[in-house]
Amino acid sequence: MTSVEAAFHEHRGPLMATLVAELRSFDLAEEALQDAFAAATDQWPGEGVPRRPAAWLLSVARRRAVDRRRREQTLTRYLPLLITEEHTPAEFPARAADDSLGLLFACCHPSLGREARVALALRFVAGLTVPEIARLFLVPEATMAARITRAKQKIRAAGIPLRLPTPVDLPERVPGVRAVLYLLFTEGYRSFRDEVAGEAVRLTRLLHELRPTDAETASVLALMLLQHSRRRARLRDGRLVLLADQDRTQWNALDIAEALTLLEVRTPDEPYRLQAMIAARHAIAGRAEDTDWAAIARLYAQLEALTGSPVVRLNRAVAVLEADGPAAARDVIAGLEEQLPRNHHLWAARGEIALRLGDREAAAREFSRAAELAPTDTERDFLIKRAG
Amino acid sequence: MKYALLMYSVEKDWAEADEATREKVYAAHGRFSDLLRSRDAGRGGEELALTSAATTVRMTADGEALMTDGPYAETAEQLGGFYLVEARDLDEALEFARALAGVEDIIEVRPVVEHPSA
């Protein structure tokens, strides 16, 4: 990775937030930031990386924004020149946390539609491109571009503030922001984009620092950290590595320690916390065979009682299989085929249970069914082998 | 920024409201006006007569101004009044709108277009 690429990964999010706050224009902020990174690509290889790369990039972006605004005379008539006295270069990155959260809260404003919120956050907080977001939502690119443009225009026309809500409004705004952050994280995690997942972790940490007493934010942060801690171990030669087969020495110990500290604070059991506790049980097992499956099965039972989710019951069945054996697991999994008929994990779990009960014929049938439904080649290959 | 708070209510309820109910609603609007005054945010506002008093004028395809009795749209909820408020941003405008939420059924918050002074 070049020094410019490294700076892009580390600073894009905070710089974008600060520029949007200063310039009050998503488009101008984006263009100015692109200009700054282009300038860095030109200059850093020859002149060396500046001592404070983020401050360098910010001051170049600001200059370019002023240039662009001068050129676009029509814009300057309507937009005040917003390099204001409250923002001076010395304050970066001191203000960066507020700017990042301010941008996030603006993107998640309740006056925007739910889909628009997620799209805006993916675009401007996580830095995904419009085509990438369109693919995620399974809509044509033009549709997504129009949706994002409309949302940007509403932010400006309706006067949605690009800063933190007042202390009175804050408590009711946090859950919506938290949900979008978790979605950003799962999107980054699912697609192996560590920088997107990492940005979600960074912002959730800022949200937690803003409201340290908010238990669910702490739980979400812990859950993200535990999943994020496995980023180096969960991909080998471009292929997904199952939890049981991961090299646990590759797990990030700092992330795990931070998560466990967060979970030490006793708070009521809600879904995020229970999921984090389950992830923590895996994180503290030195080897896969040291996993405390009985504890995990109990946590899944609590989670199932709260959510009533068939997917949670399926996970509980897998934990029960490890903790109490195939007969007990068979009782838990019974009937789920009606609720999750096309879930390949269900048929794979039924195959494992049948295998441990010694019914090879049934196991082969279940694994074949699972292989038919598996969404990726990796999983399909694995299941076909299992079907024997 | 300037915002219009457009208040929609089920008109029938208001038309049939008894004296005590009306007094309560007017008292609530009085308190709301006090709130706006204390924040120097009030820029005007009116209660509108019932839509039975409305006349709608529209241009026909042949370029004639056609007049009809009643409101533009016959819906249960009708625009019953409005306030103009000066607010720092949408959050402050929504704070004002929510102060009215117990009194009026629906409050639509619309930014007022600011034309650059010539």
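Computed from a prediction, not measured in an experiment: that's the story for all the values here. The sequence lines fix the lettering, A, B, ..., with proteins before strands; numbering per chain opens at 1.
- Other residues, nucleotides and ligands place more than 12 heavy atoms under 6.0 Å from the NZ atom of A/Lys152.
- Interface residue A/Ala157: only backbone heavy atoms are found under 4.5 Å from chain B.
- Residues of residues 76-113 of chain B lying within less than 4.5 angstrom of chain A, judged on heavy atoms, are B/Arg88, B/Asp89, B/Leu90, B/Asp91, B/Leu94, B/Arg98, B/Pro111 in numerical order.
- Counted within 6.0 Å of CZ on A/Arg114, heavy atoms from surrounding residues, nucleotides or ligands total 12 or fewer; the atom is thus considered open.
- Shown here is A/Phe137, whose CZ atom has more than 12 heavy atoms of other residues, nucleotides or ligands within 6.0 Å.
- Summarising the local packing, CD of B/Glu46 is surrounded by 12 or fewer heavy atoms from other residues, nucleotides or ligands at distances under 6.0 Å.
- Atom CG of B/Asp69 has 12 or fewer heavy atoms from other residues, nucleotides or ligands within 6.0 Å.
- Residues that satisfy the ring pair (Phe, Tyr, Trp, His ring centres under 6.0 Å) test with B/Tyr8, not counting sequence neighbours, are absent from this structure.
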